[in-house]
Amino acid sequence: MEIAAHVRMPRNEAEAVAMQVELAGCVVAADDDRPVDTVAGLDIAYDKDSDTAVATAVVLRRSDLAVLDEAVVHGTSDFPYVPGLLAFRELPLLLKAIEALTVEPDLYLCDGYGLTHPRRFGLACHLGVVLDAPAIGVAKNPPHLPVAGPGPARGDWSPITAGEETVGCALRTRDGVKPVYVSVGHRRTLASARELVLELAPRYRLPEPIRAADQLGRKRLAETR
DNA sequence: GCGACAG
DNA sequence: ATCTTGTCGC
């Protein structure tokens with residue numbers, strides 16, 4: 001409770017970068033023993049012409065993708081969008097939405113990068129480390145890094161590399177459809193992250209938890225204005 | 001060398 | 001992120 005209120009926020013970009021470098025050392029890219037039975041999808045929708053933002057968290061049961069819980073929080077982001085610093089813009093509101101949940105999920109799916117990040121500390125890593133919970137980053141756009149196009153079939157994937165290290169992968173979740181970009185957030189290996197995302201996206205390009213959060217946010221934003 | 005990078 | 005509905009196709 002009150003996690004959002006305890007998150008350290010930088011006063012400027014330089015501080016933000018320093019925080020990322022420092023916290024990046026906390027990321028654990030290994031699977032823990034705990035079973036993943038419930039997964040939360042997170043997202044934020046922004047109003048076209050106001051500073052209103054709506055953060056949503058939707059918890060789905062892994063076995064049948066049934067919705068178990070939803071949370072919606074309205075607010076404002078004071079931190080601007082800066083490539084590489086997305087977490088500072090979205091984390092506060094996302095944490096509030098998570099606090100509003102009554103079901104604590106076993107895994108968090110974030111919109112954006114995890115280790116696929118200039119300092120290996122994207123939104124999914126930040127959220128995972130702050131909550132000390134398993135987290136995976138799922139981005140809709142590729143990073144500016146070498147990425148071979150994965151095969152054309154669902155399940156095909158290819159690594160995203162930064163020098164010698166593999167920082168994520170492009171994963172085809174639907175035949176012939178643009179891939180999504182998966183990376184480790186926290187407490188998960190890239191292999192299991194990739195398998196989970198594929199499993200959670202049986203029908204559409206994006207995994208169901210994220211789609212659910214996406215739709216809920218858009219809907220509530222439309223109703224609110 | 002510089003710039004570019006999720007939402 | 002956001003501007004944007006229906007429509008063509010598998």
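Chain identifiers are assigned alphabetically (A, B, ...) following the order of the sequence lines, protein sequences preceding nucleic acid strands; residue numbering begins at 1 within each chain.
At whole-Å resolution of the value, CZ in A/R218 and P in C/dT5 are 12 Å apart. The separation between A/K48 atom NZ and C/dT4 atom P is 7 Å, rounded to whole Å. Note: CZ (A/R89) to P (C/dA1) measures 12 Å, nearest angstrom. Note: CG (A/D47) to P (C/dA1) measures 14 Å, nearest angstrom. With rounding to whole Å, A/Y81 atom OH is found 14 Å from C/dT2 atom P. Rounded to whole Å, the distance from CG on A/D51 to C1' on C/dT2 is 15 Å.
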Quick one: which protein N/O atoms are closer than 3.5 Å to N/O atoms of nucleotides 8-10 of chain C? Pair and distance per line, please.
none

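The hydrophobic cluster around A/V147 extends to A/L145, A/I160, A/V167, A/Y181, counting ILVMFWY residues whose side-chain heavy atoms fall within less than 4.5 Å of a member.
Identified under the side-chain hydrogen bond (donor to acceptor under 3.5 Å, both in side chains) test for residues 194-217 of chain A, with sequence neighbours left out: A/R62-A/E199, A/E208-A/R211, A/D214-A/R218. The list of side-chain hydrogen bond (donor to acceptor under 3.5 Å, both in side chains) pairs with a residue in residues 68-79 of chain A, not counting sequence neighbours, reads A/D69-A/T102. Applying the salt bridge (Lys or Arg N to Asp or Glu O under 4.0 Å) definition to pairs two or more places apart or across chains, those involving residues 128-142 of chain A are A/D111-A/K140, A/D132-A/R187. Under the side-chain hydrogen bond (donor to acceptor under 3.5 Å, both in side chains) criterion, the residue pairs touching residues 146-169 of chain A are A/R120-A/E165, with sequence neighbours excluded.
Paired regions of DNA chain B, requiring three or more successive Watson-Crick or G-U pairs whose two hydrogen-bonding distances fall under 3.5 Å, are not present.
Bracketed by its first and final contacts, the part of DNA chain B lying under 4.0 Å from non-hydrogen atoms of chain A reaches from B/dA4 to B/dG7 in 5' to 3' order.
Within the 3.5 Å criterion, the main-chain N or O of A/A124 finds no donor-acceptor partner in the side chain of A/H186.
At a threshold of 4.0 angstrom between heavy atoms, the contacts of A/Y46 are confined to the sugar-phosphate backbone, with no base atom among them. As judged by a 4.0 angstrom heavy-atom cut-off over every strand, A/L85 is placed among the base-contacting residues.
Here the shortest heavy-atom pairing between A/A71 and A/L216 reads O-CD2, 4.3 Å.
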Pairing string of DNA chain C (Watson-Crick or G-U wobble, both atom distances under 3.5 Å; | = paired to other strand) is ..........

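In terms of the salt bridge (charged side-chain N to carboxylate O under 4.0 Å, His left out) criterion, A/E13 has no residue partners (sequence neighbours excluded). For A/H126, the ring-ring contact (aromatic ring centres under 6.0 Å, His included) partners at least two apart in sequence or on another chain are A/F88, A/F121.
Here the side chains of A/D106 and A/V39 are not in contact, with every heavy-atom distance at 4.5 Å or above.
Taking the charged nitrogens against the carboxylate oxygens, A/K96 and A/E99 have no contact shorter than 4.0 Å, which rules out a salt bridge.
A/S192 and A/D31 are linked by a side-chain donor-acceptor pair at a separation below 3.5 angstrom, with hydrogens and angles left out of the test.
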Just list the side-chain donor-acceptor pairs under 3.5 Å for residues 22-29 of chain A, sequence neighbours left out, or say none.
none

